[in-house]
Amino acid sequence: MASSAAANLWVLLGLGIAGVLLAAKRLKRPARPDSGAFVSRLELLPPPQPPPPQARHPLTDLCFAVADAFHVSSYITSFGSLEWAKTHDAATQTSLVVSTLVDGGAVCVGKTVIDEMAYSIHGENKHFGTPTNPAASDRVPGGCSSGSAVAVGGGMVDFALGIDSIGGVRVPGGYCGVLAFRPSHAVISNSGVIPVAPSLDTIGWFARDPIVLRRVGHLLLKLSYTDIRLPRHFYIADDCFEISKIPARRLTQVVTKSVEKLYGRQVLSHVNIGNYLASRVPYLRNYSNGNKNGDSKFSSLQALSSAMQLLHKHEFRDQHNEWIKSAKSAVDASIVGNLSDDADSTIDTVQAARKDVRLALNTLLKDDGILVIPTALGCPPKINARELSSTSYNAETLCLQSLSSMSGCCQVTIPVGAHDKCPISVSLIARHGGDRFLLDTTQAIYATIQEQVEMLAKSNASSKEAMNEEAAEAAKEKGNSAFKEKQWQKAINLYTEAIKLNGKVATYYSNRAAAFLELASYRQAETDCTSAIDIDPKIVKAYLRRGTAREMLGYYKEAVDDFSHALVLEPMNKTAGLSISRLKKLFP
């Protein structure tokens, strides 16, 4: 019977351990090659360098990747879907933008994961897996160009291409903590790229270095390196920062201080961009007057977001509905369900709104103005988090993306450090066609912004340290009061709290040792005194208390050494002298 019971116990233990291991396996995402960023690896090499004295290719020594919506000759473009890959042939030509970059001296090394059919902005993909965010591995990387952002953020490539319709480059740039540029609509050819929603689609790119970001932009936009135009206006969009889940001051402080340092305080001003647009765009004004949720203080931005989503859905359906019907069971239900409503009757109104929004922003920004907004609603959501499927969360996130998507203006995502250990960013927007101005401004301001980020982090750390020190002193004083009242355990708990808040003060350990001595916890008292002496070798009370603890533990020679050390530090200390005399009489 005993052996049978023992066997059953071992079985139960084995099942318990197996359960723990299984749970741990589910909780911890397994490491994947290249963080799951790539669909396929390839190599497109640039042509030979021109002979001197001609200049070398402008992108020499750089490597890049492309989102798997760009055609590369002889490769199947999966468009984020295994079913799409099964039903489409390999490309016969390489995308014009990819060829341009390779001809410009860069090496293309692979195709990266995108959200299924480039439809979402979260970065999740059931076919190829969700790429691991290099800046926060438990968070989504953002989409649709998730793999490209991860490849850049993880240092696998110098830059990468993505597609941006409703935030597909800007959002993953913000979530992965890298620079991301969405150019003005239609200034770069989409030839050889699978369309999502042509009125909104742009080719964007990611980089860690603003110089690389600018070099790529100058080649793709065919810009000349002429004199740089300085910005004369920075508009902080207060209503956009009110939407953000990150404290507005945390996001704007680094920008305003950087702008003041480089261009002066006079160029800074604030704007309620929703009200501004509502006063100039009839579609938004009608919406704000009560046609839909008119009581919302963000109604104008919500209207813009709703119009963008309507247009995105309509054009996506025009492009892909026939294929989706043929492969319906293999397409994510969230995509199929989103295409059910017919909005053809309102599309003309939405297209008119696009023109009005572009005109309004161009009028505000002119040739030398920058609009500053948060890139995303907050920190990147955790993988499988509820907000990823939350209609209100997604609607608010898309409010911020709708400004550039609907106006066609250019926008850059700039990382500004971390909040709750997650990357956060701001975005700068310039007028449609102001791409060179925005790239130049980004390069000029980037280093200063990062300096301000570091200064803010140090300041916050110093403030937190000061608060902890103050709280630790308060806990120590409470501990002293408890000690006087002979509440030994309470005193220990309070001294422990002080140590947790600030473990660099010898007195906290020495005082706790005194309380341990009262409870006859001599080992703990000896350990605490040793910690106190390590911090401050001249703390007499710690030597006396350690000597007492060691005497009670039977370490008489060591106890004499401690009392002797205390006597050296304080030659008139009676306790040390009497203790030495007593021990020498007992143990001559």
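Looking at Ser148 and Thr112, their side chains do bring a donor and an acceptor atom within 3.5 Å of each other. With hydrogens and angles left out, the side-chain atoms of Arg182 and Ser165 include no donor and acceptor closer than 3.5 Å. Between the side chains of Ser73 and Gln93, no donor N or O sits under 3.5 Å from an acceptor N or O. Side-chain contact, Asp103 with His57: no donor N or O sits under 3.5 Å from an acceptor N or O. Between the side chains of His270 and Asp238, at least one donor N or O sits under 3.5 Å from an acceptor N or O. Looking at Ser390 and Ser392, their side chains do bring a donor and an acceptor atom within 3.5 Å of each other. Counting only N and O atoms by type, the side chains of Glu124 and Thr130 include no donor and acceptor under 3.5 Å apart.
Looking at Tyr276, its side chain does come within 3.5 Å of a backbone N or O of Ala360 through a donor-acceptor pair. Gln401 contributes a side-chain N or O that, together with a main-chain N or O of Thr375, makes up a donor-acceptor pair within less than 3.5 Å. With hydrogens and angles disregarded, a donor-acceptor distance shorter than 3.5 Å links the side chain of Asn272 to the backbone of Asn275. With hydrogens and angles disregarded, no donor-acceptor distance shorter than 3.5 Å links the side chain of Ser184 to the backbone of His432. Between the His419 side chain and the Cys379 main chain, no donor and acceptor come within less than 3.5 Å of each other. Remark: side-chain polar atoms of Lys355 are not paired, donor with acceptor, to backbone N or O of Ala352 under 3.5 angstrom. The main-chain N or O of Ser137 is never found under 3.5 Å from a side-chain atom of Thr132 such that the two would form a donor-acceptor pair. Remark: the backbone N or O of Pro415 is paired with a side-chain donor or acceptor of Gln450 at under 3.5 angstrom. Judged purely by atom type and a 3.5 angstrom limit, Lys111 has no side-chain atom pairing as donor or acceptor with the backbone of Leu42. Looking at Asp201, its side chain does come within 3.5 Å of a backbone N or O of Val196 through a donor-acceptor pair.
In terms of heavy-atom proximity, Gly36 sits nearest to Val113 at O-CG2, 3.5 Å. Minimum heavy-atom separation, Gly167 to Ser405: N-OG, 4.4 Å. Considering every non-hydrogen atom in both Ser35 and Val150, the closest pair reads CB-CG1, 3.8 Å. Nearest heavy atom pair, residue Ala307 against residue Met406, reads CB-CE, 3.8 Å. In plain terms, the two heavy atoms of Leu219 and Gly104 that are nearest each other are CD2-CA, 4.0 Å. Taking both residues in full, the closest heavy atoms of Val281 and Ala353 are given as CG1-O, 4.3 Å, listed atom of the first, atom of the second, then distance.
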>> Assess the residue pair Leu377 and Glu387 against the criterion (side chain to side chain contact (heavy atoms under 4.5 Å, CB included)); give the C-alpha distance rounded to whole Å, side-chain angles, the decisive distance to 0.1 Å, and a yes or no.
In response: CA-CA 11 Å; Leu377 192 60; Glu387 59 255 51; over 6 Å; no
>> Does Thr202 form a side-chain hydrogen bond (donor to acceptor under 3.5 Å, both in side chains) with His185? I'd like the steps, not just the answer.
In response: CA-CA 6 Å; Thr202 58; His185 183 259; over 6 Å; no
>> Show, in sequence, the C-alpha distance, side-chain angles and deciding distance for Asp332 and Tyr119, and conclude whether the side chain to side chain contact (heavy atoms under 4.5 Å, CB included) test is met.
In response: CA-CA 10 Å; Asp332 193 275; Tyr119 197 76; over 6 Å; no
>> Using the rule given for side-chain hydrogen bond (donor to acceptor under 3.5 Å, both in side chains), can you reason through Ser305 versus Gln309, listing the C-alpha separation, both sets of side-chain angles and the distance that settles it, and then say yes or no?
In response: CA-CA 6 Å; Ser305 173; Gln309 293 175 69; 3.0 Å; yes
> Please walk me through it: do Phe79 and His88 pass ring pair (Phe, Tyr, Trp, His ring centres under 6.0 Å)?
Replying inline: CA-CA 10 Å; Phe79 201 34; His88 288 77; 8.5 Å; no
> Would Ile203 and Asn190 count as a side chain to side chain contact (heavy atoms under 4.5 Å, CB included) if you check the C-alpha gap in whole Å, the side-chain angles of each, and the deciding distance to 0.1 Å?
Replying inline: CA-CA 7 Å; Ile203 291 170; Asn190 285 357; 3.5 Å; yes
>> Between Gln443 and Tyr446, is the side chain to side chain contact (heavy atoms under 4.5 Å, CB included) condition met? List the steps.
In response: CA-CA 5 Å; Gln443 183 172 327; Tyr446 180 80; over 6 Å; no
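A salt bridge is defined here as a Lys NZ or Arg NE, NH1 or NH2 lying under 4.0 Å from an Asp or Glu carboxylate O, and Arg232 with Asp367 fails to meet this definition. Comment: Asp440 does not engage Arg229 in a salt bridge, judged by the lack of any side-chain N to carboxylate O separation of less than 4.0 angstrom.
Contact of the Thr94 side chain with the Tyr75 side chain is not registered, since no non-hydrogen atoms from C-beta on lie closer than 4.5 Å. The closest side-chain heavy-atom distance from Trp205 to Leu220 is below 4.5 Å. Residues Ile273 and Cys240 meet the side-chain proximity criterion, which asks for heavy atoms closer than 4.5 Å. A heavy-atom distance below 4.5 Å is not found between the side chains of Arg139 and Pro381. Using a 4.5 Å heavy-atom cutoff, the side chains of Ser300 and Leu277 are not in contact. At least one side-chain heavy atom of Met156 sits under 4.5 Å from a side-chain heavy atom of Phe38. Within the 4.5 Å cutoff, no side-chain heavy atoms of Ile76 are placed close to those of Asp89. Between Val140 and Asn133 the shortest side-chain heavy-atom distance does not fall below 4.5 Å.
Within a 6.0 Å radius of NZ in Lys325, other residues, nucleotides and ligands contribute 12 heavy atoms or fewer.
Taken to the nearest 0.5 Å, the NE2 atom of His122 stands 8.5 Å off from the OG atom of Ser334. Separating the SG atom in Cys176 from the CZ atom in Arg208 is a distance of 12.5 Å, to the nearest 0.5 Å. Of the inter-residue distances, the one linking Ser191 atom OG with His71 atom NE2 reads 9.0 Å to the nearest 0.5 angstrom. Atom CD1 of Ile163 sits about 11.0 Å away from atom CD1 of Ile166, to the nearest 0.5 Å. Going from atom CG of Asp68 over to atom CG of Asn125 covers 10.0 Å, rounded to the nearest 0.5 Å. A distance of 11.5 Å separates OG in Ser404 from CG in Leu200, rounded to the nearest 0.5 Å.
Ring planes of Phe159 and Phe64: parallel class, angle under 30° (limits at 30 and 60°). Using cut-offs of 30° and 60° for the angle between ring planes, the His233 and Tyr235 rings count as parallel.
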